[in-house]
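Remarks on the structure that follows.
Note that the numbering runs from 1 along the sequence shown for the chain. Source: prediction; values computed, not measured.
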Amino acid sequence: MDSINIALDGPAAAGKSTIARQVASKLSMIYVDTGAMYRALTYKYLQHHRPEDFQELVDQTTLELTYDSSKGQRIILDNEDVTDFLRENDVTQNVSYVASKAPVRTFAVEKQKDLAAKKGIVMDGRDIGTVVLPDADLKIYMIASVEERAERRQKENEKRGIPSTLSQLKKEIEDRDQYDMNREISPLRKAKDAISIDTTSKTIEEVTKEIMALVKNL
């Protein structure tokens, strides 16, 4: 399927990226992980001693999304593949702050809109259905309990060898929810025409099947 765009929004660790990949694969569409774009800019922000001139930061940045047949989407920042560094704790703890800055948001949103211009895109994030793709053919807003989201993030961290505790992750997720929902620029919110899916206690397969059924009814 190549004539539609699908937007998936929701808070951290609600399952957006995993589900978006599955849906894109089943529909032979392109998956765009917008969160990875903001993480890449956060990684650069941290590597360059936290400059506060965010316009200068993005003006001196090149950012590309490429696709590897075995590894999936790769993030190329200033001609370097930084994908494997984007889930480190310092990036996770600072990404909401960096992503809230107007120059960063403008830079990323323009690239995201360009990617979706030809359609055939499954894109996930926090402002996809409201800002990036307000005319998306299908909008999903995914939620899950804080406890389950913390458990999911803990499992991800264990696979990557990143030290963390459930209590720490729960606090980080709660803080990030509040920050994302209350920021001035592109806050996290459900689009009026989005369909809510609570992924708590549901498997990846169950949620993917639910979204595929919605696609078939378009």
Side-chain angles (χ1 to χ4, degrees), residues 7-20 32-55 57-58 61 63 75 82 85-112 123-134 139-154 156-157 160 162-192 194 196-200:
L8 278 77
D9 288 303
K16 301 185 301 297
S17 298
T18 302
I19 300 301
V32 178
D33 179 0
T34 65
M37 299 172 73
Y38 291 109
R39 284 176 174 272
L41 292 166
T42 303
Y43 175 78
K44 181 168 182 174
Y45 162 78
L46 295 170
Q47 292 295 307
H48 289 261
H49 307 291
R50 308 188 180 197
E52 291 305 315
D53 187 340
F54 287 94
Q55 187 60 58
L57 178 73
V58 298
T61 296
L63 187 63
I75 305 298
V82 298
F85 304 112
L86 302 186
R87 293 289 171 178
E88 293 178 349
N89 281 337
D90 57 345
V91 174
T92 297
Q93 290 165 6
N94 287 277
V95 65
S96 285
Y97 170 71
V98 174
S100 71
K101 301 303 178 182
V104 172
R105 211 83 205 171
T106 299
F107 176 85
V109 169
E110 286 179 356
K111 287 190 174 294
Q112 292 157 16
M123 190 176 288
D124 76 303
R126 286 167 176 71
D127 62 347
I128 309 305
T130 55
V131 175
V132 182
L133 300 178
K139 300 178 186 178
I140 305 294
Y141 190 79
M142 295 174 60
I143 58 173
S145 69
V146 172
E147 291 76 12
E148 181 146 336
R149 287 190 281 148
E151 290 175 2
R152 291 173 182 172
R153 186 54 54 82
Q154 174 80 330
E156 290 177 3
N157 286 351
R160 295 185 173 94
I162 300 173
S164 58
T165 65
L166 279 175
S167 58
Q168 169 198 346
L169 292 172
K170 182 178 177 181
K171 177 67 164 54
E172 288 177 359
I173 287 172
E174 289 174 332
D175 289 347
R176 187 168 181 186
D177 285 351
Q178 287 301 309
Y179 194 97
D180 288 347
M181 288 187 287
N182 292 292
R183 68 189 181 203
E184 291 185 13
I185 301 172
S186 299
L188 167 65
R189 59 187 174 87
K190 177 186 173 185
K192 292 180 179 179
S196 291
I197 296 180
D198 189 339
T199 67
T200 307

Got Arg189 and Met181 here, is their nearest side-chain heavy-atom distance under 4.5 Å? no

Establish, yes or no, whether a centroid distance under 6.0 Å links the rings of Phe54 and Tyr45. yes

Looking only at non-hydrogen atoms, find the nearest pair between Ile75 and Ala40 and report the distance. CG2-CB, 3.7 Å

Quick check: do Arg176 and Val95 have side-chain heavy atoms less than 4.5 Å from each other? yes

Can you give me the closest heavy-atom contact between Val131 and Ser186, atom names plus distance? CG2-OG, 3.7 Å

Test item: Thr130 and Ile128 side chains (from C-beta on) under 4.5 Å apart, heavy atoms: no

Could you report the tightest heavy-atom contact between Tyr141 and Pro11, atom names first, then the distance? OH-CD, 4.4 Å

Could you tell me whether Glu174 and Lys171 make a salt bridge, using a distance below 4.0 angstrom between a side-chain N and a carboxylate O? no

Rounded to the nearest 0.5 Å, what separates atom OH in Tyr43 from atom CG in Asp90? 9.0 Å

Using the ring of Tyr38 (Phe, Tyr or Trp, six-membered ring only), decide whether Arg105 places NZ or CZ under 6.0 Å from its centre and within 45 degrees of its axis. yes

Checking Thr92 against Arg39: is there a side-chain donor and acceptor pair closer than 3.5 Å? yes

Applying salt bridge (charged side-chain N to carboxylate O under 4.0 Å, His left out), run through Arg152 and Glu156 and close with a yes or a no. CA-CA 6 Å; Arg152 291 173 182 172; Glu156 290 177 3; over 6 Å; no

Go through the steps for Met142 and Leu8 under the test side chain to side chain contact (heavy atoms under 4.5 Å, CB included), then give the verdict. CA-CA 7 Å; Met142 295 174 60; Leu8 278 77; 3.6 Å; yes

Does the structure place the NZ or CZ of Lys111 under 6.0 Å from the centre of the six-membered ring of Phe107, at an angle of no more than 45° from the ring's axis? yes

Minimum-distance pair of heavy atoms, taken over all atoms of Gly10 and Lys16: O-NZ, 3.1 Å

Could you tell me whether Asp180 and Arg126 make a salt bridge, using a distance below 4.0 angstrom between a side-chain N and a carboxylate O? yes

Taking 4.0 angstrom as the limit, do Asp177 and Arg149 come out as a salt bridge? yes

When you look at Val91 and Leu46, which way does the side chain to side chain contact (heavy atoms under 4.5 Å, CB included) test go after all the steps? CA-CA 8 Å; Val91 174; Leu46 295 170; 4.1 Å; yes

State, yes or no, whether a side-chain contact exists between Asn89 and Ile162 at a heavy-atom distance under 4.5 Å. yes

Under a 4.5 Å cut-off applied to non-hydrogen side-chain atoms, are Asp127 and Val109 in contact? yes

Please tell me if the side chains of Pro163 and Asn157 come closer than 4.5 Å, counting only heavy atoms from C-beta onward. no

Between Ser17 and Asp33, which heavy-atom pair has the shortest distance, and what is it? OG-OD1, 4.0 Å

Sub-4.5 Å side-chain heavy-atom contact between Val104 and Val58: yes

Do the side-chain N and O atoms of Thr42 and Asn94 include a donor-acceptor pair separated by under 3.5 angstrom? no

When you look at Ile143 and Ile197, which way does the side chain to side chain contact (heavy atoms under 4.5 Å, CB included) test go after all the steps? CA-CA 6 Å; Ile143 58 173; Ile197 296 180; over 6 Å; no

How about Ser164 and Arg153: do any of their side-chain heavy atoms sit closer than 4.5 Å? no

Given the rule in the side chain to side chain contact (heavy atoms under 4.5 Å, CB included) test, do Thr34 and Val132 qualify, once you have shown the distances and angles that lead to the verdict? CA-CA 10 Å; Thr34 65; Val132 182; 6.0 Å; no

